[in-house]
Amino acid sequence: MSNKKYDLFVLGAGSGGVRAARMAASFGARVAVAEVRYLGGTCVNVGCVPKKLYVYASEFGHAFEDARGFGWNGTAFHFDWATLRDNKKREISRLNSVYQQLLSGVGADIIDGSARILDPNTVAVNGDTYRADKLLIATGGWPFVPQFPGSELAVTSNEIFDLETFPRRLVIVGGGYIATEFAGIFNGLGASVIQLYRGELFLRGFDLDIRRHAAREIAKSGVDLRFNSQVKSIERSGGGLRVNTADGVALEADAVLYATGRKPLLQGLGLENTSVRLKDSGEIVVDQEFRTDEPTICAVGDVTGGKELTPVALAEGMAFARRQFQPQPAAVEYEFIPSAVFCQPTIGTVGFTEEQARREFGEVQVYQSEFKPMKHTLSGRDERSFMKLIVDSASDRVVGVHMLGEDAAEIVQGISIALKAGATKATFDGTIGIHPTSAEEFVTMRTPRAD
Ligand code: NDP
């Protein structure tokens, strides 16, 4: 039975929890972090980091083909899943140790185990109890799979990275970030991929033109995209699986990936022993300073809903620590948060979609450009890039930037700084481009689209 007393006890060592713990400890607070699974949370272990490594792996598939037009010839390369998977495991273990060192380096205690809140100042882990002035819930989210016959046969993003054997035939269900990214990954690695989405057009919430161009380019890259498709059941079939859709189609697969959203991970936390309130959708209700309805308990990151993105959780963790342990007024600015879908070609986006901008500002001007990237004039790859700028007519401010194409994430990250700084279309026009790049298109769009 431990009687240790802390200034801050963090539940969950993911992006938000670790950042908050490190910052608070560096401000002199006595901090403990409890984690039941892996240090670094979803992002490091089963999210952003391994995903990006697999995206890199998948890009070689196309790059070897592209190289022929530039004079490179040779015997075909062979992809070995076990090598990628095990190299990835090694890198993630290294990152787990880095996280451990980051926390112990600032004097935070790491407690392995599942934490349960007993009262607003007491947490139990593995039978020991710990007291703290403040508790921070940063337990993140967990993949959601709807219940239907055979749903237990599906895997999620938690398992897909570590499959024992490479799925030569993969069915992916969902039309959001995760489904679309994994469709690109496994397509690039050489699997035959079918992506099923229940609605008319996937990537709901993104700019409509981006969604349409993405559907066209992703289909050209080899993913079998099927919209208006609902899964009725999954059953075992021979050595694999059979996916039966509501409209009577049967699809044979080696694996079925469900990427149908995530839910906050709150089970067993003991919230019933507190006055922490939940939204109807299940996330924890917090105010601008991340305080729950229980005065000693705060929450950051995916567990509170909002934008489920690592950099947002990091910003929240940092703002929380500054506010509580400096104290400094520290608010997170949620406007113009850029994001990317690492599909192929990549989507990069910041600010308002055209539809949102019309609702928000009334009159807007839209500039757009579609072109064959220079590289593919020789590679022979049939891929086109698409870029779009949305300008508030009244103020001339650029309020939305969207891109589908190589390096879109890198390009839009840079442009998002301009948008946060309030750049106008005149600022974009007065900026000299870097030639020859795709990004220069954003500073050379002269004529608004005629609607
Ligand atoms: P999303 O919310 O992005 O997408 C969920 C998809 O599943 C939607 O297409 C949704 O359809 C569909 N869906 C939901 N319920 C069902 C159902 N019962 N049957 C069939 N389809 C269903 O979630 P993801 O799981 O892709 O990702 C979770 C979050 O993680 C993202 O929102 C994002 O914030 C974050 N993320 C960010 C990444 C990045 O920054 N690159 C990468 C990966 C994840 P509909 O649109 O019709 O509701």
Side-chain angles (χ1 to χ4, degrees), residues 14-16 41-56 140-151 154-161 171-185 194-206 208 210-211 214-215 218 225-234 243-247 256-265 281-283 301-314 316 334 337-350 353 403-404 408-410 412-413 416:
S15 303
T42 300
C43 174
V44 167
N45 294 277
V46 287
C48 331
V49 174
K51 179 275 304 289
K52 191 76 188 285
L53 293 174
Y54 281 30
V55 168
Y56 285 133
W142 198 253
F144 157 76
V145 179
Q147 292 300 301
F148 59 89
S151 58
V155 294
T156 70
S157 52
N158 282 352
E159 297 85 34
I160 189 82
F161 292 107
V171 171
I172 299 181
V173 182
Y177 283 83
I178 297 180
T180 310
E181 289 183 343
F182 277 108
I185 288 170
I194 301 174
Q195 183 179 350
L196 305 178
Y197 174 57
R198 64 181 175 181
E200 287 282 320
L201 182 62
F202 68 174
L203 295 169
R204 189 163 62 82
F206 287 80
L208 185 57
I210 288 285
R211 296 164 69 195
I218 288 172
L225 279 177
R226 302 192 190 182
F227 298 152
N228 296 310
S229 184
Q230 284 270 21
V231 173
K232 200 173 73 182
S233 64
I234 306 176
V243 179
N244 300 301
T245 68
D247 47 1
V256 180
L257 170 65
Y258 255 73
T260 43
R262 296 171 62 84
K263 297 259 188 236
L265 190 50
S281 44
E283 298 93 1
D302 289 3
V303 82
T304 62
K307 292 252 183 198
E308 295 172 27
L309 300 170
T310 287
V312 172
L314 293 174
E316 292 180 351
Y334 292 96
I337 295 174
S339 82
V341 185
F342 290 97
C343 48
Q344 288 144 0
T346 303
I347 295 170
T349 175
V350 59
T353 66
M403 173 174 177
L404 174 81
E410 307 287 345
V412 170
Q413 174 69 87
S416 65

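This is a predicted model, so every value here is computed, not measured. Atoms within each ligand, like the ligands themselves, are counted from 1 in listed order.
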Visitor: Report yes if Q230 has an N/O atom closer than 3.5 Å to an N/O atom of ligand 1; otherwise report no.
Guide: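 No; the residue has no nitrogen or oxygen that sits under 3.5 Å from a nitrogen or oxygen of the ligand.
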Visitor: Of Y177, F182, Y258, which has the heavy atom at the shortest distance from atom 32 (O) of ligand 1?
Guide: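 It is Y177 whose heavy atom sits nearest to atom 32 (O) of ligand 1.
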Visitor: Below the 3.5 angstrom mark, is there an N/O of G175, backbone or side chain, next to an N/O of ligand 1?
Guide: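 Min N/O separation from ligand 1 is below 3.5 Å for G175.
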Visitor: How would you list all residue pairs meeting side chain to side chain donor-acceptor pair (under 3.5 Å) that involve residues 196-205, not counting sequence neighbours?
Guide: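 For residues 196-205, and leaving out neighbouring residues, there are no side chain to side chain donor-acceptor pair (under 3.5 Å) pairs at all.
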Visitor: Please determine if S339 has a nitrogen or oxygen closer than 3.5 Å to a nitrogen or oxygen of ligand 1.
Guide: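 There is no such contact.
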Visitor: Could you tell me if any non-hydrogen atom of Y197 lies under 4.0 Å from any atom of ligand 1?
Guide: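 Heavy atoms of Y197 do come under 4.0 Å of ligand 1.
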Visitor: Which is closest to atom 18 (N) of ligand 1 in terms of heavy atoms, C43, P146, P143?
Guide: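 It is P146 whose heavy atom sits nearest to atom 18 (N) of ligand 1.
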Visitor: Measuring from the heavy atoms of G261, does anything fall under 4.0 Å of ligand 1?
Guide: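 Checking ligand 1 against G261, which is what was asked, there is a heavy-atom contact under 4.0 Å.
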Visitor: List the atom of P146, the atom of S151, and the distance in Å for their closest heavy-atom pair.
Guide: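 It is O-CB, 3.4 Å.
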Visitor: Could you tell me the residue and atom name of the protein heavy atom closest to atom 44 (C) of ligand 1, and the distance to it rounded to 0.1 Å?
Guide: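 The protein heavy atom lying closest is I178 CG1, 3.5 Å.
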Visitor: Using a 4.0 Å cut-off to any heavy atom of R262, which atoms of ligand 1 qualify?
Guide: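 Checking each atom against R262, I get 28 (C).
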Visitor: Counting heavy atoms only, which part of R198 comes closer than 4.0 Å to ligand 1: side chain, backbone, both or neither?
Guide: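 The side chain, only.
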Visitor: Compare all side-chain heavy atoms of F202 with those of Q195 and state whether any distance is below 4.5 angstrom.
Guide: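 Yes, side chains in contact.
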Visitor: Below 4.0 Å from ligand 1: does a non-hydrogen atom of K307 turn up there or not?
Guide: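 K307 does not count as a contact of ligand 1 under the 4.0 Å cut-off.
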Visitor: So which heavy atom in the protein is nearest atom 35 (C) of ligand 1, and how far is it from that ligand atom?
Guide: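 The protein heavy atom lying closest is E308 O, 3.2 Å.
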Visitor: Is the backbone of C343 close enough, under 3.5 Å, to the side chain of T346 for a donor and an acceptor to pair up by distance?
Guide: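 Yes.
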Visitor: What are the two closest heavy atoms between T260 and F144, and how far apart are they?
Guide: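 Between these two residues, the closest heavy atoms are OG1-O, 2.7 Å.
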Visitor: Nearest protein heavy atom to atom 21 (N) of ligand 1, by residue and atom, and its distance?
Guide: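 Checking every protein heavy atom, the shortest distance to atom 21 (N) of ligand 1 gives T260 CG2, 3.4 Å.
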Visitor: Just checking, is any N or O donor in the side chain of T42 or R262 under 3.5 Å from an acceptor N or O on the other one?
Guide: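 Their side chains do contain a donor-acceptor pair, which is all the 3.5 Å distance test asks for.
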Visitor: Check for me whether the distance between the ring centres of F342 and Y56 falls short of 6.0 Å.
Guide: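 No, too far apart.
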Visitor: Partners of Y258 by ring pair (Phe, Tyr, Trp, His ring centres under 6.0 Å), sequence neighbours excluded?
Guide: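 F148.
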Visitor: Counting non-hydrogen protein atoms only, what is the nearest one to atom 4 (O) of ligand 1? Give residue, atom name and distance.
Guide: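 Heavy-atom neighbour on the protein nearest atom 4 (O) of ligand 1: G176 CA, 3.4 Å.
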Visitor: Got a sec: does the CD of E410 have more than 12 other heavy atoms crowding it under 6.0 Å?
Guide: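 It does not: E410 CD has 12 such atoms or fewer within range.
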Visitor: Mind checking whether L309 contacts ligand 1 via backbone (N, CA, C, O), side chain (CB onward), both or neither, at a 4.0 Å heavy-atom cut-off?
Guide: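 The answer is the side chain.
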Visitor: Mind checking whether A340 has an N or O less than 3.5 Å away from an N or O of ligand 1?
Guide: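 Yes.
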Visitor: Assign the ring pair F161 / Y54 to parallel, tilted or perpendicular, where the plane angle (0 to 90°) is split at 30° and 60°.
Guide: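 F161 vs Y54 ring planes: perpendicular.
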Visitor: Does I218 reach the side chain of T180, with side-chain heavy atoms less than 4.5 Å apart?
Guide: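 Side chain of I218 against side chain of T180, heavy atoms only: contact under 4.5 Å found.
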Visitor: Would you say A259 touches ligand 1, if touching means a heavy atom closer than 4.0 Å?
Guide: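 Contact present.
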Visitor: In ligand 1, which numbered atoms sit nearer than 4.0 Å to a non-hydrogen atom of K51?
Guide: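 That gives atoms 41 (N), 42 (C) of ligand 1.
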Visitor: Counting distance only, does the side-chain N/O of E181 pair as donor-acceptor with the main-chain N or O of I178 below 3.5 Å?
Guide: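 Absent.
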Visitor: Please report whether ligand 1 has a polar contact with E181, defined as an N or O pair separated by less than 3.5 Å (distance criterion only).
Guide: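 Yes, since at least one N or O of E181 sits under 3.5 Å from an N or O of ligand 1.
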